[in-house]
Asker: 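For reference, the structure I am asking about is given below.
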Amino acid sequence: MKEVLERAYEEGLKYTDQGQVATYIPELAKEDPTKVAIAAYDQDGSYYEKGEVDQRFSIQSVSKVITYILCLEEIPAGKIQKAIGVKPTALPFNSVLDLELGGGKPRNPLVNAGAIAATALLYEKFGDQTFDKVLDKIRDLAEDPDIVLDENIYNSERSSAFTNFALFNLMVSRGNLSEDIPIQKVADAYFKACSVLVNVKDLARIGYVLANDGFDKISGQEKFSKEIARRVRTVMAMGGMYDYCGEFAQLIGLPAKSGVGGGIMTASKEGLAIATYCPGLDDHGNSFVGIKMLEAMAQELEFSIY
Ligand code: GLU
């Protein structure tokens, strides 16, 4: 495993000039696309890492997994099903058209509209504590108390969120979100969740919990139920890699979630979790180098769940 991971890392380094850092959130344009990291837990709980594993970056859309876990724990299932679909992602992660085609119901919880709707459900229950709940959950799952919000990224997201507000307004106008919902407050909780700083070790650790059906083998604690783990891995497989999910399923074959900050978190069903980081993105919004590293590992280890 150690050698496979190191070979994958070397392979990834060949592509650091291929991806483009996200620029639609101005603060993300400052990220360094030569920073590369990979971390993994295997089935027997051994941990491996290579590269800039302490480098912090914004979790971005990987936070949608944690928001969804929290929703499944805290909100009645029927209410979630009514508000958010569990369909595969076909169009870009922030597509207004996709939402419109669904009559204002987000396709799944791992695209922007779906995560905004999930945040709105949490807001109904937790009000202004919503972001703190998500942050606590990220810290708890990663067992990392040093995870904090990056205020600069948050402010940058906030001031450039025209498309996200379009999604928000469309959901209200189609009746999928209540007119009484305080849009700015829910949006702030969503932007903050995206702007939390993690490293690749944190993502590997969260992936490892998902890959063990919600049980954290390292701390010996059950973090969430097996049923929640199964549901979350399912939407990751279908919607976690933006409109590249089908190709990713064939090439790599693991439930995964990526974020425009450059992180990718994967979780098999059998206790294998690999996380990667490199902020240069491909046309879908996935880390270019991250995909290359995962591809290299998949070829050697044949860990596809399909
Ligand atoms: N904060 C980003 C947004 O709302 C998240 C996108 C992503 O990582 O896919 O656009």
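Nothing here was measured: the structure is a model prediction, and the numbers come from that model. When a ligand or atom number is given, it counts from 1 through the structure's own listing order. The basis for the numbers below is simple: all heavy atoms, side chains too, and nothing from hydrogens, waters or symmetry mates.
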Asker: Salt bridge check: are Glu157 and Lys192 linked by an N-O gap of less than 4.0 Å?
Answerer: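 Lys192 and Glu157: not salt-bridged.
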Asker: Run the salt-bridge test on Glu124 and Lys79 with the 4.0 Å N-O cut-off and return the result as yes or no.
Answerer: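 Yes.
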Asker: Is Lys64 close to ligand 1, meaning an N/O of one under 3.5 Å from an N/O of the other?
Answerer: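 Between Lys64 and ligand 1 (N or O atoms, distance only) the closest approach is not under 3.5 Å.
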Asker: Under 4.0 Å from ligand 1, counting heavy atoms only, is it the side chain of Asn94, its backbone, both or neither?
Answerer: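 For Asn94, there is no contact with ligand 1 at all, from either part.
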Asker: Among all the protein's non-hydrogen atoms, which is closest to atom 5 (C) of ligand 1, and how far away is it?
Answerer: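 Atom 5 (C) of ligand 1 sits closest to the protein heavy atom Gln60 OE1, 3.3 Å.
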Asker: Just to confirm my output: which protein heavy-atom neighbour is closest to atom 7 (C) of ligand 1, and how far is it?
Answerer: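 Minimum-distance protein heavy atom for atom 7 (C) of ligand 1 reads Ser61 OG, 2.6 Å.
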Asker: If the contact criterion is a heavy-atom separation under 4.0 Å, does Tyr190 count as touching ligand 1?
Answerer: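 Yes, Tyr190 has heavy atoms under 4.0 Å from ligand 1.
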Asker: Between Lys133 and Glu74, is there a salt bridge with N-O shorter than 4.0 Å?
Answerer: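 Salt bridge absent between Glu74 and Lys133.
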Asker: Quick one: do Lys2 and Glu6 make a salt bridge, cutoff under 4.0 Å?
Answerer: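 Salt bridge between Lys2 and Glu6, a charged N being under 4.0 Å from a carboxylate O: yes.
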Asker: Between Arg139 and Asp144, does any side-chain N to carboxylate O distance fall below 4.0 Å?
Answerer: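 Here Arg139 does not pair with Asp144 in a salt bridge, since their nearest N and O are not under 4.0 Å apart.
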Asker: With heavy-atom distances below 4.0 Å as the criterion, list the atoms of ligand 1 near Gly259.
Answerer: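 The list of qualifying atoms is 8 (O).
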Asker: Please determine whether side chain to side chain donor-acceptor pair (under 3.5 Å) holds for the pair Asn94 and Asn112, giving the CA-CA distance in whole Å, both sets of side-chain angles, and the decisive distance to 0.1 Å.
Answerer: CA-CA 5 Å; Asn94 57 0; Asn112 285 17; 5.9 Å; no
Asker: With no hydrogens and no angle check, do the side chains of Asn286 and Ser258 hold a donor and an acceptor under 3.5 Å apart?
Answerer: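 Result is yes, a qualifying pair exists.
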Asker: Just to confirm my output: which protein heavy-atom neighbour is closest to atom 10 (O) of ligand 1, and how far is it?
Answerer: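 In this structure, atom 10 (O) of ligand 1 has Tyr24 OH, 2.7 Å as its nearest protein heavy atom.
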Asker: Between Arg230 and Asp213, does any side-chain N to carboxylate O distance fall below 4.0 Å?
Answerer: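 Looking at Arg230 and Asp213, the cut-off is not met.
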Asker: Using a heavy-atom cut-off of under 4.0 Å, does the side chain or the backbone of Val260 touch ligand 1, or both, or neither?
Answerer: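 For Val260, backbone and side-chain atoms both sit under 4.0 Å from ligand 1.
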Asker: So is Asn112 close enough to ligand 1, meaning a heavy atom under 4.0 angstrom away?
Answerer: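 Flag set, Asn112 near ligand 1.
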Asker: Suppose I only count heavy atoms of Cys194 and a 4.0 Å limit; which atoms of ligand 1 are within that range?
Answerer: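 With Cys194 as reference, the close atoms of ligand 1 come out as 1 (N).
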Asker: Give the numbers and elements of all ligand 1 atoms closer than 4.0 Å to a heavy atom of Asn164.
Answerer: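 In order of number, 3 (C), 4 (O), 10 (O).
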Asker: Considering only heavy atoms of Tyr242, which atoms of ligand 1 have at least one such atom less than 4.0 Å away?
Answerer: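 Near Tyr242, meaning under 4.0 Å from one of its heavy atoms, ligand 1 has 7 (C), 8 (O), 9 (O).
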